[in-house]
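Notes follow the structure.
Please read these numbers as outputs of a predicted model, since none were measured by experiment.
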Amino acid sequence: MSVMDTLLLTLLGVFPALVIIGGLHDLITMKIPNWISLALVGAFFPIAFLIGAAPMDVAIHVGIGFAALLVGMGMFAAGWIGGGDAKLLAASCLWMGMSGVAPFLIYTGIAGGAFCLLLMTARQYFPMVAPSVSQGWVINLMQPKGDIPYGVAIAIGALLALPESGLLLTFASGR
């Protein structure tokens with residue numbers, strides 16, 4: 001493996017690392033900091049350039065990311081997801097491109113549904129199972145009618161769809 005391949009693989013690791021950080025941060029604090037989504041967007045362009053993505057492919061990725069941002073803003077306005085979720089979703093769609101966006105959204109939807117059911121069940125039984133827990137992020141997460149940290153589902157969907165993402169496929173085809 002060449003030095004360039006090692007560098008590219010390291011840079012491609014930025015995406016999974018940041019979505020995992022975003023999902024965990026949302027789980028613990030119910031917020032996804034803007035720097036995570038901004039770092040994903042900022043890292044996309046140099047990586048796309050380094051792997052030799054065609055300008056039209058980059059434009060398609062940008063269009064998909066922008067469309068996802070608009071949909072996410074609508075979902076946020078409707079109160080369905082948080083603002084951080086909308087931004088993480090859009091930044092992840094930017095990386096997915098045409099080949100990965102459908103699997104990403106499907107995996108995210110399935111993970112979100114499963115996580116919501118799990119969390120609703122846990123919230124129902126939490127007072128009986130852990131009555132002595134009285135503080136910390138777990139208490140916040142277990143509020144009976146509390147928010148759902150959807151960043152967890154977005155991270156799971158992103159990790160599952162990563163092998164089908166446009167950037168990873170471009171990298172693999174160029175090697």
Side-chain angles (χ1 to χ4, degrees), residues 11-49 51 53 55-120 122-123 137 140-143 145-170:
L11 290 174
L12 286 169
V14 166
F15 177 75
L18 287 173
V19 296
I20 289 169
I21 291 168
L24 289 173
H25 204 282
D26 199 21
L27 181 69
I28 293 169
T29 67
M30 297 290 181
K31 290 180 177 41
I32 301 171
N34 287 335
W35 71 262
I36 294 172
S37 298
L38 290 171
L40 282 167
V41 171
F44 170 80
F45 293 99
I47 292 171
F49 172 73
I51 65 171
M56 183 52 102
D57 289 340
V58 172
I60 290 170
H61 279 259
V62 170
I64 290 169
F66 186 70
L69 182 61
L70 292 177
V71 171
M73 288 169 53
M75 293 170 72
F76 171 72
W80 298 341
I81 63 173
D85 300 325
K87 291 177 269 189
L88 183 62
L89 183 76
S92 296
C93 283
L94 171 70
W95 281 72
M96 290 296 147
M98 190 66 77
S99 62
V101 72
F104 166 61
L105 294 174
I106 291 167
Y107 292 142
T108 299
I110 292 168
F115 183 65
C116 286
L117 288 174
L118 176 69
L119 191 54
M120 287 172 21
R123 286 174 174 173
W137 67 271
N140 190 35
L141 182 65
M142 291 297 143
Q143 293 302 309
K145 297 204 184 249
D147 291 336
I148 305 287
Y150 208 74
V152 172
I154 295 168
I156 292 168
L159 294 172
L160 291 174
L162 182 59
E164 300 175 63
S165 72
L167 283 185
L168 206 58
L169 291 175
T170 300

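- Across all non-hydrogen atoms, the minimal contact from Val58 to Ala48 is CG2-CB, 3.9 Å.
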Would you mind writing out the side-chain donor-acceptor pairs for residues 77-85 within the sub-3.5 Å range, not counting sequence neighbours?
| unit_1 | atom_1 | unit_2 | atom_2 | d |
| --- | --- | --- | --- | --- |
| Asp85 | OD1 | Gly151 | N | 3.2 |
| Asp85 | OD2 | Gly82 | N | 3.1 |

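- In this view, Leu159 and Pro16, Val19, Ile20 satisfy the side-chain contact (heavy atoms from CB on, under 4.5 Å) rule, not counting sequence neighbours.
- For Pro163, the side-chain contact (heavy atoms from CB on, under 4.5 Å) criterion is met by no residue, not counting sequence neighbours.
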Acceptor/donor pairs from residues 98-112 side chains to any protein atom, 3.5 angstrom cut, sequence neighbours excluded:
| unit_1 | atom_1 | unit_2 | atom_2 | d |
| --- | --- | --- | --- | --- |
| Ser99 | OG | Glu164 | O | 2.7 |
| Ser99 | OG | Gly166 | N | 3.3 |
| Thr108 | OG1 | Phe104 | O | 2.7 |

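- By the side-chain contact (heavy atoms from CB on, under 4.5 Å) test, Phe115 pairs with Leu27, Leu119, Ile148, Pro149, Val152, sequence neighbours left out.
- Aromatic ring pairs are classed by plane angle as parallel below 30°, tilted from 30° to 60° and perpendicular above 60°; the pair Trp95 and Phe44 is perpendicular.
- To the nearest 0.5 Å, atoms NE2 (His25) and NZ (Lys31) are separated by 9.5 Å.
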Begin with the C-alpha distance, continue with both residues' side-chain angles, and end with the deciding distance and a verdict on side-chain contact (heavy atoms from CB on, under 4.5 Å) for Thr29 and Trp137.
CA-CA 7 Å; Thr29 67; Trp137 67 271; over 6 Å; no
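- Between Ile21 and Trp35 there is a side-chain heavy-atom pair separated by less than 4.5 Å.
- Closest approach of Ala68 to Ala90, counting heavy atoms only: CB-CA, 3.8 Å.
- Here the shortest heavy-atom pairing between His61 and Met96 reads CE1-C, 3.8 Å.
- Considering every non-hydrogen atom in both Asn140 and Met30, the closest pair reads ND2-CG, 3.7 Å.
- A search for side-chain contact (heavy atoms from CB on, under 4.5 Å) contacts involving Val41 returns Phe45, Ala91, Leu94, not counting sequence neighbours.
- The distance from atom CE of Met73 to atom NZ of Lys87, rounded to the nearest 0.5 Å, is 10.5 Å.
- Rounded to the nearest 0.5 angstrom, Leu88 CG and Leu18 CG are separated by 9.0 Å.
- Nearest heavy-atom pair across Ser92 and Ala158 is OG-CB, 4.4 Å.
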